[in-house]
Amino acid sequence: VGFATKVCAGCAFMQPEMINVHKEHPDFVMKSVFIDDFPDLADQYEITSSPTICIFKDGNLVGKQALAEHEVSTVGAKEVAAWVVKMMTE
């Protein structure tokens, strides 16, 4: 699940990377949540920056990363996308 805001520079870097991940792994279920529309959900998962990617398996949160923890660029977005693939295939 990608948590984002409607005005988000980092999201512009993440979106194409997540689209590529989905093309390479169509079995991954990927959804986006706009923090502005669902603030309670963002609070529940302690989302403090946008974009943040949460990995769920069997309904349980098993990992979370924010692009802000990386370089906010295409390089950072590729790092987060690689992390998503690793988490989902372990």
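These numbers come from a predicted model, not from an experiment.
- Interatomic distance, NZ of K64 versus OG1 of T48, reported as 6.5 Å (0.5 Å rounding).
- Considering all non-hydrogen atoms of both residues, F28 and V85 come closest at CE2-CA, 4.2 Å.
- A pairwise comparison of heavy atoms in K6 and F34 identifies CG-CD2, 3.7 Å as the closest pair.
- Note that the CD1 atom of I47 and the OG1 atom of T5 stand 12.0 Å from one another [nearest 0.5 Å].
- For the atom pair OH (Y45) and OG1 (T52), the distance works out to 14.0 Å, reported to the nearest 0.5 Å.
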Query - Stepwise side chain to side chain contact (heavy atoms under 4.5 Å, CB included) test for M18 and M30 - result: CA-CA 8 Å; M18 292 294 96; M30 303 177 85; 3.7 Å; yes

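- There is a path of hydrophobic side-chain contacts, each under 4.5 Å, that joins L61 to F38.
- Counting heavy atoms of neighbouring residues, nucleotides and ligands inside a 6.0 Å radius, atom CD of E46 does not exceed 12 of them.
- Pairing each heavy atom of L67 with each of G76, the nearest pair is CD1-C, 3.5 Å.
- Nearest approach of L41 to V33, heavy atoms of both residues: CD2-CG1, 4.1 Å.
- In D58, the CG atom is not crowded: 12 or fewer heavy atoms of neighbouring residues, nucleotides or ligands sit closer than 6.0 Å.
- Between E24 and V21 there is no side-chain heavy-atom pair separated by less than 4.5 Å.
- Between F56 and V62 the shortest side-chain heavy-atom distance does not fall below 4.5 Å.
- Among all heavy-atom pairs drawn from K57 and E90, the shortest one is NZ-O, 3.1 Å.
- For the residue pair M87 and G63, the shortest heavy atom distance occurs at CE-CA, 4.0 Å.
- Atom SG of residue C8 and atom CD1 of residue I35 lie 8.0 Å apart, to the nearest 0.5 angstrom.
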Report task. For side chain to side chain contact (heavy atoms under 4.5 Å, CB included), just list the numbers for I55 and V84, CA-CA rounded to whole Å, side-chain angles, deciding distance to a tenth of an Å, and then say yes or no. Result -> CA-CA 7 Å; I55 304 292; V84 167; 4.0 Å; yes

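- From S50, atom OG reaches atom CZ of F3 across 10.5 Å, with rounding to the nearest 0.5 Å.
- Remark: Q65 CD to S49 OG distance equals 10.5 Å, nearest 0.5 Å.
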